There are 2 protein chains.
Amino acid sequence: MKGNSAARPSRRERPAKPALTREGIVATAVDLMRAEGLERVTMRRLARELDTGPASLYVYVRNTAELHAAVLDELLAGVDLSPATAEGDWRERLVRLLMSYTELLFEHPGLARSAVAARPFGKHFLNLTEAVLSLLHEGGVAPDRAAWLLDALLQYGTATAAEHAWRGADEDSQNEEDWEAMAAGVMGASERTHPRIAALGALLLSGSPQERLVWGFHVLINGAAHTPVPDVPRPL
Amino acid sequence: MKGNSAARPSRRERPAKPALTREGIVATAVDLMRAEGLERVTMRRLARELDTGPASLYVYVRNTAELHAAVLDELLAGVDLSPATAEGDWRERLVRLLMSYTELLFEHPGLARSAVAARPFGKHFLNLTEAVLSLLHEGGVAPDRAAWLLDALLQYGTATAAEHAWRGADEDSQNEEDWEAMAAGVMGASERTHPRIAALGALLLSGSPQERLVWGFHVLINGAAHTPVPDVPRPL
DNA sequence: ACCTGAACACCGTTCAAGT
DNA sequence: ACCTGAACACCGTTCAAGT
C-alpha cells in the first residue's frame with residue numbers, strides 16, 4: 001500500500017500545517033484569502049485553519065486590522081515594478097505602474113477598503129513607493145510636490161479599487177441593481193431642481209472604471225505640474 | 001405629585017419612540033450615531049432602540065450597508081452649499097464647498113469608509129452634486145471633463161476623510177502609535193535600497209491633512225484643464 | 001515564559017409561525 | 001398582509017489558568 005499515513009497523524013488535510021509564527025500566520029491568511037475571499041480571513045477562522053484557538057494569534061498579530069495590512073503587503077509583492085526602469089515617456093510608465101497596483105487591488109476590493117482606512121507601509125509598499133518616486137524624479141517633479149503627489153496617486157488608485165468591485169463583470173447582480181437604481185436617480189433628476197445634472201445626463205455615467213482611472217492619474221500628474229505646494233511644509 | 005407617569009407606560013426613557021417607518025428608523029439611526037458613534041449603529045442595537053426585534057427592520061431597510069448610506073445622506077444635509085452662489089473666484093469657492101463636505105465626513109470616518117465602498121445617491125448627495133457641477137460650469141469646464149472631475153473630487157475628499165480620523169487631535173493614542181511606527185519605517189529606509197525615499201525624507205510626512213486636501217483639490221481642478229477626456233465616452 | 005480554553009459581549013440575516 | 005421570536009452561523013478580544 002503506497003500509504004504514508006503513519007507520517008502525520010490524521011489531523012485534517014492541511015497541506016503542511018505552517019509553524020505558528022508571524023510569517024506562517026500571514027502566509028496562511030493569504031492562502032485563505034485566495035481560496036475563500038477576505039471576508040473569511042477572520043481571527044477565528046484563521047485559528048481553526050492553524051489548529052489552535054483564536055487567542056493564540058494575538059501573540060503574533062495585534063488585531064484584525066494589522067492582519068489585513070500584512071496580507072495586503074504580501075499581495076503587493078505582485079505589483080509589476082518594471083515600468084520604473086523601462087524605456088519611454090515617464091508619465092506613461094508611471095501610469096502603467098499605478099495601473100498594475102490598482103488592478104491587483106481590484107481583485108480584492110475588501111483589501112482595498114482596508115487600505116483606504118489605513119495605508120500600509122510594509123516592505124512591498126515601500127518598494128512601490130520608491131518606484132513611484134523615482135519616476136517622479138525622472139520627470140523632474142519638484143521634491144515637495146512629489147512627496148504629496150505620491151500619496152494622492154496611491155490614494156486615488158486605492159479608493160477606486162475599493163469602489164468598483166469589477167463592475168461590468170458578469171454575476172454580482174446585487175451591485176448591478178444598485179447601479180441601475182443610481183442611474184435612474186441621476187437620470188431622473190428634474191431639469192428644474194437640478195439643471196446641471198440634467199444637462200450632463202448620461203455623460204455623468206460614461207466611461208469604464210479603467211478609462212476614468214487612467215484619466216485621473218494623468219489629471220493628478222498634470223495638475224501637480226501647475227499647482228505649487230503652499231509655503232514651507234512644516235518639517236515634522 | 002407632579003408626575004405624568006400615567007401618560008406613557010414606563011417603557012424606558014426614549015425621547016418619543018419614533019414610528020416604525022423608514023424615516024423613523026433612519027432618524028433614530030442618526031441620533032444613535034451622534035450619541036455613540038457609527039460602530040453602535042447595528043441592526044440589533046437599532047432594533048433595541050426601537051423596542052422591536054432586528055427582523056422588523058428588514059421590512060424597511062435591505063441591509064446594513066443601505067442603512068449606513070441612508071444615514072450618510074441625512075448627514076449631508078449639513079453641507080454648506082452657499083459657496084456655489086457666492087461672489088469670488090470659482091475655484092476658491094469650489095474648494096470651500098468641497099471642504100465643507102469633507103469636514104463633515106472627517107467627524108464620522110466610519111461613514112466616510114462606507115461612502116468609499118459605495119458612493120451614495122440620496123437627495124442631499126444630489127444637491128451637492130448639482131452645486132459642484134454648477135461651479136464647474138461657471139468655470140467653463142467642458143461637460144465631459146466636468147462629469148469625470150466631479151467623481152474624482154468627491155472621491156478624493158471621501159477617501160481622505162476615511163483615512164485620517166483627525167490625526168493631531170489629542171487622544172487616539174493607538175493611531176498615534178501606528179503613525180509613529182510608519183514614520184520610523186519611512187525615515188529608516190536605507191539610502192542604498194530606497195534612495196528616493198531617503199532623499200525626500202521628512203518631506204514625505206509634511207503637511208497637515210487639511211493642507212494636503214486643499215492642495216489635492218486644486219491639483220485635480222488644474223489638472224482637468226490640461227487633460228482631455230479620451231475619445232467619445234460611450235453613452236451608457 | 002509562553003500559550004490557550006473558555007467566556008464575554010456582541011454581530012447580520014433568515015424564516016417559520018403568529019396576528 | 002404584515003410583522004417578529006427565535007434560531008443559525010458566526011464575530012473580536014480578553015484573561016485566568018494551565019504547561
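In this text the structure is predicted, and so the values were computed from the model without any measurement. The chains referred to below are lettered A, B, ... by the order of the sequence lines, with proteins before strands, and numbering in each begins at 1.
Nearer to the 5' terminus of DNA chain D, by closest-nucleotide assignment, is the contact made by A:Glu39 (compared with the other of A:Ala55 and A:Glu39).
Salt-bridge annotation for A:Asp73 and A:Lys123: absent, with no side-chain N of the basic residue lying under 4.0 Å from a carboxylate O of the acidic one.
If you take atom P in D:dA9 and the same atom in C:dC10, they sit 23 Å apart, rounded to whole Å. C:dC2 sits 13 Å from D:dA17 when the C1' atoms are compared, rounded to a whole Å. When the C1' atom is used for both D:dT14 and C:dC3, the distance is 14 Å, rounded to whole Å. Remark: the separation of the C1' atoms in D:dA1 and C:dA16 is 16 Å, to the nearest Å.
Counting only distance, with no hydrogens or angles, the side chain of A:Asp80 and the backbone of A:Ser100 share no donor-acceptor pair below 3.5 Å. Within the 3.5 Å criterion, the main-chain N or O of B:Leu20 finds a donor-acceptor partner in the side chain of B:Tyr60.
One distance of note links CZ of A:Phe217 with CG of A:Leu94; it measures 8.5 Å at 0.5 Å rounding.
When all heavy atoms are compared, the tightest approach of A:Ala147 to B:Leu203 is CB-O, 3.4 Å. Looking at every heavy atom in both residues, A:Ala131 comes nearest to A:Ala84 through CB-CB, 4.0 Å.
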Legend entry - Trace of the side-chain hydrogen bond (donor to acceptor under 3.5 Å, both in side chains) decision for A:Tyr156 with A:Thr102: CA-CA 9 Å; A:Tyr156 181 66; A:Thr102 309; over 6 Å; no
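Stems are defined here as 3 or more consecutive Watson-Crick or G-U wobble pairs with pairing distances under 3.5 Å; those involving DNA chain D are C:4-8 with D:12-16, C:12-16 with D:4-8.
Protein chain A contacts DNA chain D from D:dC11 to D:dC15, reading 5' to 3' and using non-hydrogen atoms of the protein with a distance under 4.0 Å.
Crowding of A:Glu191 atom CD: a count of heavy atoms from other residues, nucleotides or ligands under 6.0 Å not exceeding 12.
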